[in-house]
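Everything on this sheet refers to the single structure shown next.
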Amino acid sequence: MLEIADFGIKSVEEHLVKLGEKNHYLTYKGEKTSIFVYGHEISFQFKYKNEFLLATVNDSIEGVDYWVMLISADLKVLDVCTPFTDDTFLKIKTIFKNGIEYENFHSSEAWAILIDDKPRWRWSMSDFKYRQLTGFLFAPRWLSLVKIAT
């Protein structure tokens, strides 16, 4: 995987946002995309084959939340997961050829986010725990979230 800096986040004009809607969208190489996101900044972004692995983060008074997305070359969201971060920032430890290993700043637990070569239909406890019920829960999975034994 190659670290990149091609994506950015822009805010939607406040008067256009309805309560509860996502109010930020991604830009790619400075151009607006059709991808609306939670989070107000990009935590990391990598190119993997023809796809992009990208995480947005929201640091608020209630804690820290991440949304990790796999985006296709034609800028369509293929998969999204919300990794466990224990309400702290994540720190990337290792970059693999098909994913990353990270740990939380206030914990010694290590996790990996891995990209499968092809989408898979699967339902596990982690799929229900780390995915939104709408949209991506009942879609094929590209991303796997795996706890690494320490």
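Values reported hereafter were calculated over all heavy atoms of this structure, with side chains retained and with hydrogens, waters and symmetry mates removed.
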Is there side-chain contact between [X] and [Y], with heavy atoms separated by less than 4.5 Å?
{"X": "Y25", "Y": "I9", "answer": "no"}
{"X": "F46", "Y": "I100", "answer": "yes"}
{"X": "W111", "Y": "V146", "answer": "no"}
{"X": "H40", "Y": "T56", "answer": "no"}
{"X": "V80", "Y": "V68", "answer": "no"}
{"X": "L70", "Y": "V77", "answer": "no"}

Rounded to the nearest 0.5 Å, how far does [atom2] of [Y] lie from [atom1] of [X]?
{"X": "I42", "Y": "L54", "atom1": "CD1", "atom2": "CG", "result": "5.0 Å"}
{"X": "L145", "Y": "K147", "atom1": "CG", "atom2": "NZ", "result": "11.0 Å"}
{"X": "Y102", "Y": "S43", "atom1": "OH", "atom2": "OG", "result": "10.5 Å"}
{"X": "Q45", "Y": "Y28", "atom1": "CD", "atom2": "OH", "result": "9.5 Å"}
{"X": "M1", "Y": "L53", "atom1": "CE", "atom2": "CG", "result": "5.0 Å"}

Let me know which of W67, Y66, Y38 forms a side chain to side chain contact (heavy atoms under 4.5 Å, CB included) with V57.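 Single side chain to side chain contact (heavy atoms under 4.5 Å, CB included) partner of V57 among W67, Y66, Y38: Y66.
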For the side chain of S72 and the backbone of K76, is there at least one donor-acceptor N/O pair under 3.5 Å apart? yes
Give a yes or no on whether the backbone of A73 and the side-chain of N50 come within a donor-acceptor separation of less than 3.5 Å. no
Could you see if L114 belongs to whatever hydrophobic cluster contains I148? Use Ile, Leu, Val, Met, Phe, Trp, Tyr and a side-chain cutoff under 4.5 Å. no
Should S144 and I113 be marked as a side chain to side chain contact (heavy atoms under 4.5 Å, CB included) after you check the CA-CA gap, both sets of side-chain angles, and the distance that decides it? CA-CA 6 Å; S144 298; I113 300 170; over 6 Å; no
Mind running side chain to side chain contact (heavy atoms under 4.5 Å, CB included) on L26 and K32 for me, showing each step along the way? CA-CA 6 Å; L26 287 180; K32 182 178 179 179; over 6 Å; no
For I35 versus L75, what's the shortest heavy-atom pair and its separation?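 I35 and L75 have their closest heavy atoms at CD1-O, 3.5 Å.
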What pair of heavy atoms forms the shortest contact from K93 to A110, and how long is it?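 Looks like NZ-CB, 4.4 Å.
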Is K49 salt-bridged to D117, going by a charged N under 4.0 Å from an acidic O? yes
Step by step, work out the side chain to side chain contact (heavy atoms under 4.5 Å, CB included) result for T33 and T27. CA-CA 5 Å; T33 70; T27 61; 5.6 Å; no
For side chain to side chain contact (heavy atoms under 4.5 Å, CB included), just list the numbers for E101 and F96, CA-CA rounded to whole Å, side-chain angles, deciding distance to a tenth of an Å, and then say yes or no. CA-CA 8 Å; E101 177 186 356; F96 306 122; 3.7 Å; yes
Is the ring centre of F7 less than 6.0 Å from the ring centre of F52?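 Judged by ring-centre distance (under 6.0 Å), F7 and F52 do meet the cut-off.
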